[in-house]
There are 2 protein chains.
Amino acid sequence: MASLGELERAVMDLLWAGQEAATANTLRDLLAQSTHPQDGTAGHVGKDLAVTTVLTVLSRLERKGLVERERGTRPHRYQAVSSRADHTAELMHEVLGSAPDREAVLARFIGSVTDNEAETLRKLLGRN
Amino acid sequence: MASLGELERAVMDLLWAGQEAATANTLRDLLAQSTHPQDGTAGHVGKDLAVTTVLTVLSRLERKGLVERERGTRPHRYQAVSSRADHTAELMHEVLGSAPDREAVLARFIGSVTDNEAETLRKLLGRN
DNA sequence: GACTTACTTCTACGCCATGTAGAAGTTGCT
DNA sequence: AGCAACTTCTACATGGCGTAGAAGTAAGTC
């Protein structure tokens, strides 16, 4: 169960970007202002959502194990369970894992990686 | 647009497994017999589907660009556009691509790869 | 302690992907 | 022309996701 919806992803991006736990209201405001800089749609202004909408999404993300909430504080505070890098890497493993021919997949994968990234990978793997 | 449904995946698995293009009827029969060996559910016997069901799925897979059909022959023959390894590798790139911190992701990714696979990767990358 | 206010949970609805398949249309053979 | 095989159209159920109002709960105020 990997994929996220558009809004779910937007929320996760905010949680991943900010280092602190955030409240639903904060997130709502951020969503309203944010201009989604990383997607191609420059100038795409975030929508004005109801707080309950954000809360619903957060609940679903919690159910999926992507988000944790502190129930102690009065406005509950939400934070991502793992970093975006961790999560993405996990996703990649998920995708890879469903293949019986892992080696072949890896071959294709690194075959279409940029030179820079290949270099990075070499460093990360240690020169043996 | 990456994810496949369960039946869609089953069909793709058959198309990827067989080297020849297959007809909807063939696939229907294979789906009925197959015991889905790769998923954990041992003994899970495939379902008896209507041919139209298989055709619908094939059409959708065609629309997604995963499947090609020969319209010339009378029972159309279907085949996967790319190999499973290619497709999976592409998926991995898709997942990776949506991240602004690709290097970090790669670090986490190879951090949780088996020793064997790390070895494979080293070989594939060449020691530069 | 009742009231108000902020916050959370419940319930709900529309949309779209997917599984599933019958009905209707098409093509080729006899 | 008529039948049989095959394809396309249409359709319905289910479930995830975006979206949010209604209802419930807690916390501070008078």
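Quick note on labels: first sequence line is chain A, next is B, and so on, each numbered from 1.
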Q: Would you indicate which nucleotide in C:dG19, D:dC17, D:dA20 comes nearest to any side-chain atom of A:A50?
A: D:dA20
(Q) Of the options D:dG18, D:dA20, C:dG19, whose atoms approach the side-chain atoms of A:E8 most closely? (A) D:dG18
Q: Under the side-chain contact (heavy atoms from CB on, under 4.5 Å) rule, what do A:L27 and A:V51 come out as? Steps first, then yes or no, please.
A: CA-CA 9 Å; A:L27 291 169; A:V51 190; over 6 Å; no
Without decimals, in angstroms, what is the distance between [X] [atom1] and [N] [atom2]?
X     : N      : atom1 : atom2 : result
B:R28 : D:dC6  : CZ    : C1'   : 14 Å
A:D48 : D:dG18 : CG    : P     : 17 Å
A:R9  : D:dG18 : CZ    : P     : 11 Å
B:L66 : C:dT18 : CG    : C1'   : 14 Å
B:L7  : D:dG15 : CG    : P     : 16 Å
A:L49 : D:dG21 : CG    : C1'   : 15 Å
B:L4  : C:dA17 : CG    : C1'   : 12 Å
A:L27 : D:dT19 : CG    : P     : 15 Å

Q.
Within the 3.5 Å criterion, strictly below it, is a donor on B:T23 or B:H76 matched to an acceptor on the partner's side chain?
A. no
Should the pair [X]-[Y] be classified as a salt bridge under the 4.0 Å nitrogen-to-oxygen rule?
X     : Y     : answer
B:E20 : B:R77 : no
A:E62 : A:R71 : yes
B:E6  : B:R9  : no
B:E8  : B:K64 : yes

**Q.** Contact state string [nucleotides 3-9 of chain C, B base, S sugar-phosphate only, - no protein heavy atom under 4.0 Å]
**A.** ---BBBB
Q) At under 4.0 Å, does any side-chain N or O of A:K64 touch on OP1 or OP2 of D:dC17? A) yes
Q. Counting only side-chain N and O atoms of A:K47, is one of them less than 4.0 Å from OP1 or OP2 of D:dG18?
A. no
Which atom pairs, donor and acceptor, lie under 3.5 Å between side-chain atoms of residues 53-60 of chain B and protein residues at least two apart or in another chain?
from: B:T56; atom 1: OG1; to: B:T52; atom 2: O; distance (Å): 2.9
from: B:S59; atom 1: OG; to: B:L55; atom 2: O; distance (Å): 3.2
from: B:S59; atom 1: OG; to: B:R69; atom 2: NH2; distance (Å): 3.4

